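The next block holds one structure in the form of structure tokens; read it before the comments.
Note that the coordinates shown come from a computational prediction; the quantities given were computed from them, not determined experimentally.
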Amino acid sequence: MTNTIVRTTSTALSEERNSSVSASDDENENPDQASETDGNTTNNNKKRKRALKISCELCKQRKVKCDRVEPACGWCSRNNRPCVYKERQKPGLRVGYGRELEDKINRLEALLQHMGRRLEDHISIHGDTPTHGPGSVRMTSQTTPYSNYARSDPRPSNASVDTPLSETRWSNHNAYERLQYPSRAQDAMSIRSVVDTGNPDLLSQSDRASTAWPAVSTPTSTMPDSELPPYDLLYTLVDLYFKHVNPWSPILDRKATFDAFFGSQTMAEADRILLHAIVATTLRFSKDTRLNPDLRSQFYNISRQKIMLYAFDHANVRALQALVVLAVDVLGSSNGQQGWNLLALIARNIVQLGLDVEKNSYLESAAYPSATLLQASQPKSWIESEERRRLCWMTFVLDRYATVATADAFTLDERLMDRCLPCRYDLFSRNEPVETRWRRPIAKHETFAQTELVLNRTENLGSFSYHCEVLGILSRIHRFLHQPLNITQRSDILRWRDTYRELDGELNTWLQNLPGEYGKISQLCHSDPGSRISNWIMLHAAFVTSVIRLHSSAAYPTIKSNVFTPSYHAIQRCLGAVESLREIAQDVLNTGMLALLGHPFAFSLWVSARLLLVHAATMECEVDPKISFFISTLQQMGQHWQVARDYARILSDVVQEASTGTGRNLTTMRRIAYDLCHLTSHRPRTTLEPISTHPSTQSELEYLEIFDFFNYPRLKTLSSGATTTNNADFDGSSTITSIGDSTPTHLQNLSQGQAQSLRATPVAVFVPSAESDWLLFKPPYE
């Protein structure tokens, strides 16, 4: 009976193993049909060999019929793939696998015996059933609300002994869960009678010692093994991770990860920490009825605490992978300080371990540990090497999304990275070493980094490779737009225009170099169903964000001069990008794929919706009704990502205030946001200047959230409260105008000479036209 219970707990493990060790494919013949006596002729031996011939390895993996042509079958020949025929294996499990399963069952049986004894000891002392869920026996004082789930279904505070806890906690009554969380005290007694029939010799020495310890009686006892969800739920959560997160954050190989977590070998401590990270990030996608809000919160808090404590004490690749997976969760919950601190820790460890550069030589010395010589150990396979490469690039990706909306510098500088781009995911999973594209930095510039092209094998590039490339362009756009610009000096404007064109050319070239149908952003989701892949959709969303970030600076400047005016072509490029993202998002909704997209897609929706508000504020017109679509889509994404819900709320508040007619219009809102931005950017001339605090309402802070991303240009001398006044290239009538109907705050305190050269004057709305576009080029915004 004990063996029956143990086998119930390892059902998922057995299914996974049995599928991987099936004897042969469907088209294999019976070897008995080719059996002959020892006196058969040579021709009969040849016939026997032909009858024993099986499919090639690739056709068996793909589970399709193989024509068995030598030296290469038809499919392998057409696809230029290596065709390998292996000899038929004897039927049944591979040698040694049965022993591995037996060892696994023995370990599980010993664990069940140990847990049964601890449950009975606990019940005998306390006289009632534990009232806490898994892993929460001593977490009451530490539990905090899980941000993505409201506490709408609290547990009963006083559960009696006769009340089945399964009605409020676990609905699945399988033997494994009843052993961990019995519904009644008498159930625990029956469990003890069951597990006591097993062989006591199966317990390890440590288990015997722990069984002899006193039962749990104080809040300071150690945590039980139930800090993770039950086995079946745990397996489901890992599977959900590879469905909802890993496609667009592809730092782990599915097969290698499942083998590490659910294989025949004992799980290492570092692997368990990574498992905690996956649980914390993927709980949001689980619809298991056993997970009420309290249990979600407790599992999340336990996992997060263990990850952080382990990462602070251990600098290794697994700890960094766990931190990156956790960062995906944190950045999907808020754009606050917690995420920035986490990214800073990850980026520092990436550099410290030498994961930001390609290397083929490693130092190893167990007798001389040194913090100054800290480095990652040598990878054991191509999968491990590629995982490190992807770990570095995913840190780069998350850092870009977290920083691009601010005025801060990036934590991980790609101009100092010397990493080859990651390869296609299928090549990664096959453990097949390949070369991709490698641009090695040779010099550093304020905006651009001089590089040399070391490798360029484009056939091995995948969606993640192109995602890293487009975010590299976005990085240069970010630095370019945070450099001060004197819009009264023609030489500065001409230099600015050259850089602007160069960045726009990079975006166009990148789009044209995408493989096949994926290069058409507006047609991505309108081709065959095979193109509806979440990672490619998010790739194009990143492209839309980059286009809007660059061209909005020329389309909707907050400060204008006689030359630096809104550009007609830049406006069309921005509006075209917004429309293309709307079409993609609409198709995503129609095909039910929204849950497969990550929070970077929500950020792209947020940028596009804000651009519609900026356009209405600059042109002083009605807001495009399409903004309602972006708000509703963000609200739906908010079911899984809290940050998307926050975006939708802010947009709804501002749109509602602007549409009532009794509040501020969008032009006034943008003006208030601009003044608040300058107020916080101002630097005193002396330390003796008085310090002031400006009380701000929630509405004003929401204006800043909406419009600060589009605050451009940034003038040169914000620290002194004045603007550069050298306008030798302009005539005496040169003026600077600002949004709104009043003089900008930072221009009101200029000296008399400055005021004569920089007169902020209220003017009528400037309507740009193609003929008067000062950029003098026509980008392919269609």
Side-chain angles (χ1 to χ4, degrees), residues 404-405 407 447-448 473-511 543-581 607-608 610-621 667 670 673-674 677 707-716 729-730 734-739 744 763 765-782:
V404 73
T447 303
F448 300 97
I473 302 175
L474 181 60
S475 301
R476 294 188 283 277
I477 294 173
H478 178 81
R479 296 189 186 92
F480 168 62
L481 295 184
H482 281 82
Q483 293 177 0
L485 172 65
N486 183 1
I487 61 175
T488 65
Q489 192 161 359
R490 186 179 298 275
S491 59
D492 287 4
I493 293 179
L494 294 178
R495 187 163 48 251
W496 183 93
R497 185 173 64 183
D498 292 340
T499 305
Y500 175 90
R501 288 176 174 176
E502 185 175 351
L503 290 168
D504 180 69
E506 284 194 52
L507 286 173
N508 295 333
T509 302
W510 176 88
L511 185 63
F543 172 77
V544 168
T545 302
S546 303
V547 169
I548 293 177
R549 187 71 184 111
L550 173 64
H551 293 286
S552 62
S553 62
Y556 311 105
T558 52
I559 298 293
K560 302 182 287 289
S561 68
N562 288 6
V563 176
F564 199 88
T565 58
S567 166
Y568 172 83
H569 292 296
I571 291 176
Q572 299 305 312
R573 189 76 187 271
C574 289
L575 296 178
V578 171
E579 176 59 20
S580 66
L581 184 62
V607 171
S608 298
R610 286 188 293 170
L611 183 118
L612 296 179
L613 296 179
V614 172
H615 179 82
T618 305
M619 300 295 117
E620 296 189 12
C621 60
T667 304
R670 191 182 186 198
Y674 178 75
C677 179
F707 295 107
D708 185 48
F709 186 76
F710 304 93
N711 176 23
Y712 194 81
R714 300 179 182 273
L715 305 182
K716 276 193 172 181
D729 295 332
F730 285 85
S734 173
T735 61
I736 288 182
T737 57
S738 176
I739 54 177
V763 295
V765 177
F766 178 82
V767 180
S769 63
E771 294 75 17
S772 61
D773 196 326
W774 62 276
L775 289 178
L776 302 178
F777 83 111
K778 297 181 180 180
Y781 51 78
E782 66 273 13

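- Taken to the nearest 0.5 Å, the CG atom of L474 stands 13.5 Å off from the CZ atom of F480.
- When all heavy atoms of T558 and P713 are compared, the closest pair comes out as OG1-N, 4.1 Å.
- Residues V614 and S552 form no side-chain contact, since every pair of their non-hydrogen atoms from C-beta on lies 4.5 Å or further apart.
- F709 is linked by a ring-ring contact (aromatic ring centres under 6.0 Å, His included) to nothing, counting only residues two or more places apart in sequence or in another chain.
- Ring geometry, W496 versus F564: the interplanar angle exceeds 60°, so the pair is classed perpendicular (tilted spans 30 to 60°).
- The structure places CD of Q572 at 12.0 Å from CD of E579, a figure rounded to the nearest 0.5 Å.
- Going from atom CD1 of I571 over to atom CG of D773 covers 8.5 Å, rounded to the nearest 0.5 Å.
- Rounded to the nearest 0.5 Å, atoms SG (C574) and CG (L611) are 5.0 Å apart.
- For the pair H615 and L575, the minimum side-chain heavy-atom distance is below 4.5 Å.
- Among residues two or more places apart in sequence or in another chain, the side-chain contact (heavy atoms from CB on, under 4.5 Å) test is passed with A673 by Y703, L704, F707.
- Panel note: side chain R670, backbone L613; no donor-acceptor pair is recorded below 3.5 Å.
- Panel note: side chain R549, backbone V607; no donor-acceptor pair is recorded below 3.5 Å.
- In terms of heavy atoms, R479 sits closest to Q483 at O-CG, 3.3 Å.
- Closest approach of T565 and W774 over heavy atoms only: O-NE1, 2.7 Å.
- To the nearest 0.5 Å, atoms CD1 (I477) and CG (L503) are separated by 5.5 Å.
- R573 places a side-chain heavy atom less than 4.5 Å from the side chain of D504.
- The structure places CD1 of I548 at 10.5 Å from CZ of F543, a figure rounded to the nearest 0.5 Å.
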(message) side-chain contact (heavy atoms from CB on, under 4.5 Å), that's the test. Do S546 and L507 meet it? Break it down for me.
(response) CA-CA 8 Å; S546 303; L507 286 173; 3.8 Å; yes
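- Using a 4.5 Å heavy-atom cutoff, the side chains of E506 and W510 are not in contact.
- Put simply, the side chain of P557 reaches to within 4.5 Å of the side chain of P566, judged on heavy atoms.
- Taking the charged nitrogens against the carboxylate oxygens, R495 and D492 do have a contact shorter than 4.0 Å, which makes a salt bridge.
- When atom types are taken as modelled, the side chain of T667 and the backbone of A617 share a donor-acceptor pair closer than 3.5 angstrom.
- Residues meeting the ring-ring contact (aromatic ring centres under 6.0 Å, His included) test with F710, sequence neighbours left out: none.
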